[in-house]
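Heads up, the thing below is written out as structure tokens.
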Amino acid sequence: MRFTRISMAAASAAALALVVAGCAPADGGDQEATSASQSIAVSVGPNDFISYNGFTPETYSTYNSAIVDRLLAGFSYFDEVGAIQPNTDLGSYELISEDPMVVEYTIADDAKWSDGTPITVADAVLAWGVQNPNLAGAEGPLFNSVSQDLGDTVPAGPQGDADGKSFTVEFAAPDPDWQIQTWMLSPAHVVAEQGGLSTEELVEAIRGGDAAALADAAEFWNTGWNTAPGTLPDEALIPSSGPYVLSSWEAGQSVTLKRNENYYGEPAANDELVIRFVAQDAMVQALQNGDLDVIAPQPSVDTVSQIEELGDAAQLLTGQTLTWEHLDFNFKGNASLANSLELRQAFAMCVPRQQIVDNLIKPVSSDAEVMNAREVFPFQENYDEVVSAAYDGRYDEPNLEEAKALVDAAGAAGTVVRIGYSAPNPRRADEVALIKSSCDQVGFDIQDVGNADFFQPGGTQERGDYDVALFAWAGSGQITSGQNIYATDKPQNYGGYSSPVVDQAWETLVTSLDESVHLEQTKIIEKQLWDDLFGIPLFAHPGVDAAAADIENAQHSVGQSGIMWNAEKWSRAE
């Protein structure tokens, strides 16, 4: 997931683990648009489409973002090496003052939604309102947004005429991730109409903090785009600001996107993208059969060799990624390890992290290693410095004797630990099997409760019906996104963890542009997360993608968008 930094492949991008980035503009690749009719089929995993609104905690994942990122444009995007690039199709932005921090945005004169409605400042005001926790009713924020920081980060919101093409924003404090804040998201004219308002009235209500006037609009934004699987909302409700429009949805099978004929930027190089929902262990066969043209399988022992066996029929695309595997404890309800640091320590002592890497990851990437941080990756410059300050190595190798002593001292022999993940996923099933083989020896009863609806709305994770979650966060190099995961009551803090030390460190970090402050606060955060055992990092994912030999311009990316980052530039060689 984090997808989507956030699967779950990023939002107030600065506040999110997964940036719901804008579609890559015309310079996102070298392939020219073609007039030939082309359909390209791709799969990034088995998870079904959820919603056109991919910005709620229930819908914000790399799987859903693979679709909605093609539909909703932003002012910036991450390229294949994780660098921030401006989306010049949509417009431009400029830092015009550092103290206070003020940024000016200009929307392209011809930028419009696929239904012909101009993209204007009203859309930016809605994006701000959606992320403003101060727009609240009796039960909390009106909008069920995965990001709820922008109302405090930019207290006054976008300044400019609602029907105009330029606006400024003034930050309350310096924002290290200002270039990737989300100022374009949902169509304001649709939300207004469904809320019984004109677009101008919607803007006035958001700017005036009129919760009563916004109640119906917020209810629509929260749920109005959620439909039965296989049924798209009415076409009038789902206009696109990106290079594709939603065309069809076959539940459990695929979503088809067609070229947006009203797109104001360079047209997509293919006529349609078919995003198929294919199990990880079936992707290579589907590529070989021609049922898929591009695949993004999770790396496993067999994946690379299977792709290599296809020979000249396929392109193997590999590289580093900012996606990392981890085990997160559930601190809510009756979760078996929620209220005992000693039992969490015992579990950490029996998890065979090195064996997991050696058996399952090194065959894919020989330089793979156990990961001992969350905000810094092993291939990044400050990794060793952060780890040395935050972690003493006690969980590098299993210590079954000490782990058993902790379980016995707590009188907890036989404690059930349910490890949940999105299934089917052969590699994660293997991870759980290795953990069970080790941890059952110390008195735990490890149970594999992976299931297909683990991350779905109303699914296992949302219900809190697990003890440990096994998944990956997909990042793109944001500086402040971890706050949304580790700080108290943040939308992506799914397990309900809370630490005053971590909260304060994040507050210090997110309001500074000083890299030395970022480094020192990251050390504090990482140490506290280890001391409390928020969770257990495992490894950074090696990147393994593949494309059919005749597909041009498919490129591996380190960021959360993965292989999809420039999908509108793909074409089939004639």
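From a predicted model like this one, the values you see are computed outputs, not experimental measurements.
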Original post:
How would you list all residue pairs meeting ring pair (Phe, Tyr, Trp, His ring centres under 6.0 Å) that involve residues 83-102, not counting sequence neighbours?
Top reply: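 Every ring pair (Phe, Tyr, Trp, His ring centres under 6.0 Å) pair that includes a residue of residues 83-102, provided the two are not neighbours, is Tyr93-Tyr105, Tyr93-Trp178.
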Original post:
Ala205: what forms a side-chain contact (heavy atoms from CB on, under 4.5 Å) with it, not counting sequence neighbours?
Top reply: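 side-chain contact (heavy atoms from CB on, under 4.5 Å) check on Ala205 returns Asp210, Ala213, Leu214.
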For [X], is the [atom1] atom crowded, meaning more than 12 foreign heavy atoms sit under 6.0 Å from it?
X      : atom1 : result
Asp514 : CG    : yes
Lys258 : NZ    : no
Glu193 : CD    : no
Lys165 : NZ    : yes

Taking atom types as modelled and ignoring hydrogens, do the side chains of [X] and [Y] form a donor-acceptor contact shorter than 3.5 angstrom?
X      : Y      : value
Thr522 : Glu526 : no
Asp48  : Gln456 : no
His541 : Glu325 : yes
Ser51  : Asn53  : no
Asp177 : Gln181 : no
Gln131 : Ser145 : no
Asp503 : Tyr486 : no
Thr488 : Ser498 : yes
Asn262 : Asn260 : no

Original post:
Is there a side chain to side chain contact (heavy atoms under 4.5 Å, CB included) between Thr56 and Trp221 once you walk through the steps?
Top reply: CA-CA 9 Å; Thr56 72; Trp221 190 91; 3.9 Å; yes
**OP:** Apply side-chain hydrogen bond (donor to acceptor under 3.5 Å, both in side chains) to the pair Glu507 and Gln483, showing each step before the final yes or no.
**Re:** CA-CA 8 Å; Glu507 287 301 317; Gln483 184 182 37; 3.1 Å; yes
Original post:
Any Lys/Arg nitrogen of Lys523 or Glu385 sitting under 4.0 Å from an Asp/Glu carboxylate oxygen of the other?
Top reply: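 Salt bridge: yes.
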**OP:** Specify whether Phe171 and Trp183 have parallel, tilted or perpendicular ring planes, treating 30° as the upper limit for parallel and 60° as the lower limit for perpendicular.
**Re:**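 Rings of Phe171 and Trp183: perpendicular, over 60°.
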Original post:
Going by the angle between their ring planes, with limits at 30° and 60°, are His326 and Phe471 parallel, tilted or perpendicular?
Top reply: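 Rings of His326 and Phe471: perpendicular, over 60°.
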**OP:** Can you spot which of Asp123, Thr199, Thr120, Asp115 makes a side chain to side chain donor-acceptor pair (under 3.5 Å) with His189?
**Re:**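 The single option meeting the side chain to side chain donor-acceptor pair (under 3.5 Å) with His189 is Asp115.
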**OP:** Could you check Tyr244 against Asn270 for side chain to side chain contact (heavy atoms under 4.5 Å, CB included), going step by step and ending with a plain yes or no?
**Re:** CA-CA 10 Å; Tyr244 294 96; Asn270 46 74; 2.6 Å; yes
**OP:** Kindly determine whether Leu529 and Tyr497 satisfy side chain to side chain contact (heavy atoms under 4.5 Å, CB included), including the steps that lead there.
**Re:** CA-CA 10 Å; Leu529 293 175; Tyr497 170 78; 3.6 Å; yes
**OP:** Apply side chain to side chain contact (heavy atoms under 4.5 Å, CB included) to the pair Leu90 and Tyr264, showing each step before the final yes or no.
**Re:** CA-CA 8 Å; Leu90 179 62; Tyr264 43 89; 3.6 Å; yes
Subject >> Pi-cation contact, Trp128 with Arg207 (under 6.0 Å, within 45°) >> reply: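 Checked: cation-pi criterion not met.
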